[in-house]
Amino acid sequence: MARPNLRCKFQSGKQNLMKQYNPKLIEGKWQKLWAKQGIYAARDKGKKKFVLIEFPYPSGEGLHMGHLRPYVAGDVYSRFQRMKGFETMYPMGWDAFGLPAENYALKKGVHPSVSTKLNIKNAKRQVQSWGVGFDWSREINTTDPEYYKWTQWIFLQFYKAGLAYEAAGLINWCPQDKTGLANEEVIDGKCERCGTVVEKKELRQWYLKITAYAEKLLEGLKNLPEWPDQVKLQQENWIGKSEGAEIDFPLFVIPAAEPESSPPQADGSRRPKSGMTNFLILHGYTGSAGRNFIPWLKTELEKQGYKVQTPELPNSDDPKESEQVDYILKKCSIDENTIIVGHSLGCIVAMKALQKYGKSVKGLILLDAAVDPAFSGATPRPFHKNFSWNFDYERLKKYAPARTILSDLKEGEPRVGYLKTLSKKLDAQLITGRSTENHFTAEREPLVLEILTPPSIPPHQGEGRGEGIKIFTTRVDTLPGATFIVIAPEHPLIQNFASRISNFSEVSKYIEEAKKKTDIVRSARDKEKTGVELKGVKVVNPVNGEKLPIWVADYALMDFGTGALFGDAHDERDQAFAKKYKIPLKVTLKPANGRDDSKIRNLEEVFIDDGVLYNSGEFDGLSSEEARKVITKWLVDKKSGRATVSYKLRDWVFSRQRYWGEPIPIIHCPACGIVPVPEKDLPVRLPNVKKYEPTGTGESPLAAIDKWVKVKCPNCKGPAKRETNTMPQWAGSSWYYLRYTDPKNKNELADDELMKHWLPVDVYFGGTEHTTLHLLYSRFWNLFLHDQGIVPVSEPYTKRVPHGIILAEDGEKMSKSRGNVVNPDEIVNIYGADTLRMYELFLGPHGQTVSWHSRGIIGVRRFLEKVWRLASIKESSTSRIQSDKLESIIHKTIKKVTDDIENFRFNTAVSALMILANEMEGKQVSKNDITRLLKLLAPFAPHMAEDLWRELGNKVSIHLAQWPEHDPALAKDEFVNVAVQINGRVRDTVRIAVAASEAEARNFAEASSQVQKHLVGKQVGKFIYIPGKIINFVVK
RNA sequence: GCCCGGGUGGUGUAAUGGUAAACACGCUGGCUUGAGGUGCCAGUGGGGGAAACCCUGUGGAGGUUCAAGUCCUCUCCCGGGCACCA
């Protein structure tokens, strides 16, 4: 059979027989027609497929290769499913709120609403030029008030369910973007967006209580068999569940009257001695030692064995500074263990007295100090003229290492303000609490007692007052080996027990230093551990009654568990810490397999694995695994602990101090507190303003827009203020897939029936970088909305298909600064969209990171030109000499391409098409052959397939045609080349029937001279024959 | 440190335990052409050989098997995630 001479045909002068392949002439044409006919608009009926890609934020740089990859993959997949007969929805939208859009607008000096519009227009032009068949009738935009109305509505549902709350806290703050960030947005201690090192900032913030869904988010992963394990694992690690126990370590305050070293008195009483803490309590203006809480407090303190002085100060109705100070210094005994407590004006007296005393005392506690008349808003009182408010704060700090100020919230503004100022000047701990009566004037003031005397627990197992330090551990089996306790610098115990900590000033200093360190410094791996022991307090190990020292060290994190841990020999960090500070260690585990444990016993090696307990009293001999169960049960029985679960997941910091985001629909009313915006008033529109730069103060730029901020309280109609923080970038994208099912609904976020029809999303293409951000957030929202009965499915995405990133030619990330960005628009311009699409798929497996190589793209272009030529040869199409081989290859290719698309192996699907084209080349091919080739090609090169398809006379788009079926019988070969091995080495191949029997196969194989050569003089021991695969002689 | 991936020609990569390198880029030679390009044919892991053919070869070392890129053990390197998480 002669090959058709292409050149002759081309030169024969027949028109249109061989028009050149020119993508520019066909791609735009078909794109317009598809759009006009709306062939990708999904109808809400029939067998459905919901194919989703992560919608982009429309950046000023336009879309890049990183966008193209998932879009094309999703496009191939959805075109394929459509041809398979599924009503396929492949929608698109714009995630246009957020930092990147706002930063771009700021840089260009254009309002974000304007730049966003322009960027969307450009991005839309791009994806259309790539021939991606999105259903534009469902286009959505998160910045459209009709859209974000429902984002705000969902927020209100969270609020109503108690899952959105406002709190002040130390949060991650990006000084570059001038906004707070969620934990998920901090990568390696840096801002996910701009790479700036994140700081900590104390801010009032809105949070979404994602931690309430930690367990559900974890459990839900089990119902996602079609998600890659890697993605599930990463979410699992992020949620970070650890199962263990929470153990109560009762506090043991070393009794002041009874230092550990000295024996009790013969009569059993606790006689005051020097060296113990004592209190000097000073009443205030018009007060008396016999009034208010003072007698009660004195009795309570004395019950606990403290010496208490409550002098009756002279002339309390008309007090004079020097008279009262001199009285105290003359009549009262003060030493280095005295804690001076003042109430109201007594505070001023206390400070003046201490200043004059001029030696160290143990501490200074001020209860609602009298306000400096010079302080703005203070009302002049009669005593003011007799006192001066000039203090030597440095002197006071020096003489009173522990300083605490108690303020009463019921007090008016000036007093609270003054106490804040005073606490700063004194560098004192400020505790705000409510007394039972105003200004600590009740008969009993338990709060005051608590501050003065942290509860002292008798050192008996589990018989304490249930207070103490709670410690979380996953290794209860090492509890008998605990020799010390470590608490985080932020642990409340330190401040609560300040008066009982004899080295409090040293401790405070350490805490101050820890605060200054950034998270990066604090968690640096090889950093040497530091810490300070809290002297004067100990805890009791509930399992053996041992008294353990408490250390404060910044390797304990307030964020995890309970902010406290016990230290033992079977943990590398604990052991390192203990060795540094010469804290004794006790080895209580040995390897179960009986290996030499002398190195472990001598602390030359840290044994952290499970083992067998010894040195552990009644638990000796248990395996670690058994011990965890037994000891936990023991703790539960003794009410000293409980099995608990701890998660690494933190609540989602949900406010941003930026302009370009959804306003949080909340109103702050001075009378009613937090009031949600009534649903009928949604959306709360983002005001259109000229100035929207971030302020950097922790306030949103919206706060400056008086007109917008000032509103009537929906509750009491009084004056109120709007919440001025906006939502994070991830808000709109947390539910967008729901909106696609019913994008124009005015009454609800989406119609129930439509959601039931389309959900869940069948296939979700996206990047791995969103695994613990968008993907986790949207699962959370969906689970919540499902629990609320709003969304019919619990998990939104049946299948997740991650893609690898596309690197530049140099193997680096594409970036403007490196100048290695490959612009898809340029490639389309040179090679056409079909070539770009196929080459991008051909570069490598979809899930793998690949480097762009401009060199190779010509191969795909050549392939397409080959198809173009094949399809253009028309006269050979009428009569074809039946070629069984070609027919078989076509069926094999149909099977291969179908399987590959279903399994997202696009690269091998492309090569299968190339093989088919190579086979067809030079053979006579029929119209039917070409038709099948074009159908297989259609998802990959939609423009060319369409053009050639129409050339064949078809009136309806190829993308609505039916996907070809393969005949399994024809897709299999009857005869195959089978390798003949001798001792596993290939010596020849024979062409035999797949159905050949073992005897036939052996005959064929032995007939080969090559085989005979290697069999000469050998004994054939075994003969292996796997039909269609292999023949192997095992010889000696 | 812990948990995942992954190491195959000059390059991108392909191989249900069954002929390693399909498909493509690049390279070499040839045909076509006035020329260039396109297109087509042949070759292209390494070593030996005129050739037939032989040896060797999937990061490294062992092992299982008639047969290992593929399964198992150890180890090295690269990429990703988590990370003082108790």
Side-chain angles (χ1 to χ4, degrees), chain A residues 3 5-7 10 20 187-188 228-238 240-242 244 471-475 478 486 488 522-529 553-557 559-568 570-574 576-577 608 646-648 768-769 771-772 804-805 839 842-845 847-860 862-863 865-866 869 905 907-918 921-922 976-989 1010 1013 1021-1026 1028-1035:
Chain A
R3 281 199 294 117
N5 186 328
L6 304 180
R7 187 161 299 277
F10 184 55
Q20 284 299 138
I187 315 285
D188 286 336
D229 289 340
Q230 251 171 296
V231 174
K232 286 191 277 191
L233 207 67
Q234 212 178 307
Q235 287 205 349
E236 211 176 297
N237 290 342
W238 186 259
K241 180 177 182 175
S242 27
I471 282 175
F472 175 77
T473 182
T474 56
R475 293 295 302 270
T478 61
V486 181
R522 219 173 125 171
S523 65
R525 245 209 92 59
D526 38 1
K527 196 202 77 175
E528 195 170 325
K529 301 201 180 344
D554 63 7
Y555 85 91
L557 307 171
D559 257 6
F560 184 77
T562 59
L565 57 103
F566 67 74
D568 61 79
H570 300 287
D571 181 287
E572 281 175 344
R573 295 151 304 167
D574 294 346
F577 185 74
I608 56 169
S646 197
Y647 300 92
K648 283 200 285 185
T768 44
E769 73 275 17
T771 302
T772 53
I805 44 180
Y839 183 55
F842 189 60
L843 269 176
Q848 189 175 304
T849 295
V850 289
S851 300
W852 178 263
H853 282 90
S854 46
R855 242 179 28 184
I857 193 168
I858 190 66
V860 171
R862 283 176 194 154
F863 157 76
E865 284 172 1
K866 188 178 290 178
R869 281 197 309 275
R905 292 188 299 248
N907 55 330
T908 49
V910 172
S911 67
L913 288 170
M914 288 174 168
I915 293 168
L916 178 58
N918 290 347
E921 175 128 71
V976 285
N977 290 325
V978 171
V980 183
Q981 298 179 332
I982 286 138
N983 282 350
R985 289 177 184 215
V986 180
R987 296 304 177 183
D988 202 1
T989 59
Q1010 276 302 319
K1013 201 170 89 187
K1022 209 169 166 184
F1023 177 75
I1024 313 268
Y1025 170 58
I1026 311 289
K1029 297 264 164 92
I1030 203 86
I1031 293 168
N1032 192 4
F1033 293 90
V1034 185
V1035 301

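Just so we're on the same page: letters track the sequence lines, and every chain starts at 1.
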ask   = Once you round it to whole Å, what is the distance between P of B:U13 and CZ of A:Arg905?
value = 17 Å

task = With syn defined as a glycosidic angle within 90° of 0 and anti as everything else, classify B:G80.
result = anti

ask   = So, do A:Leu565 and A:Asp574 sit near enough that their side-chain heavy atoms are less than 4.5 Å apart?
value = yes

inquiry  = Please name the nucleotide paired to B:A42 by Watson-Crick or G-U wobble geometry with both distances under 3.5 Å, or report none.
reply    = B:U28

request  = Using heavy atoms to find the nearest nucleotide of RNA chain B for A:Asn237 and A:Ser242 separately, return the residue whose nucleotide is more 5′.
outcome  = A:Asn237

task = Could you check how far CG of A:Asp229 sits from P of B:G81, rounded to whole Å?
result = 18 Å

query = Just how far, in rounded Å, is C1' of B:G7 from CD of A:Gln848?
reply = 11 Å

Sugar-phosphate, base or nothing in reach of A:Ile1026, heavy atoms under 4.0 Å = base

request  = Could you tell me the separation between the NZ atom of A:Lys241 and the P atom of B:C3, rounded to a whole number of Å?
outcome  = 20 Å

inquiry  = Students often get this wrong, so: under 4.0 angstrom with heavy atoms, is A:Asn977 touching a base, only sugar-phosphate, or nothing?
reply    = base

query = For B:A67, which nucleotide in any strand shown is its Watson-Crick or wobble partner with both distances under 3.5 Å?
reply = none

query = So, are A:Glu236 and A:Lys241 salt-bridged, with charged N and O less than 4.0 Å apart?
reply = no

key: Proximity to the side chain of A:Trp238 - top-ranked nucleotide from B:A83, B:A86, B:U13   = B:A83

Spacing of A:Leu557 atom CG relative to B:C84 atom P, expressed in whole Å = 6 Å

request  = Look through every strand shown and name the nucleotide pairing with B:C23 as Watson-Crick or G-U wobble, where both distances are under 3.5 Å.
outcome  = B:G12

key: Interatomic distance where CD belongs to A:Gln1010 and C1' belongs to B:A51 [whole Å]   = 13 Å

key: Sub-6.0 Å ring centroid separation between A:Tyr647 and A:Trp238   = no

task = Return the 5'-most residue of the pair A:Ile857, A:Lys1013 with respect to RNA chain B, ranking by each residue's nearest nucleotide.
result = A:Ile857

task = Give a yes or no on whether a donor-acceptor pair under 3.5 Å exists between the nucleobase atoms of B:C66, that is its base, and the side chain of A:Asn1032.
result = yes

query = Distance between the C1' atoms of B:A67 and B:A15, in whole angstroms?
reply = 16 Å

message = Students often mix this up, so state it plainly: with edges at 30° and 60°, are the rings of A:Tyr1025 and A:Phe1023 parallel, tilted or perpendicular?
response = parallel

query = Across all strands, who's sitting opposite B:G1 as a Watson-Crick or G-U wobble pair, both distances under 3.5 Å?
reply = B:C82

key: Side chains of A:Asn237 and A:Lys648, donor plus acceptor under 3.5 Å   = no

task = Provide, to the nearest angstrom, the distance between the OH atom belonging to A:Tyr647 and the P atom belonging to B:A83.
result = 18 Å

ask   = Within this structure, what is the CZ-to-P distance between A:Arg869 and B:U38, rounded to whole angstrom?
value = 12 Å

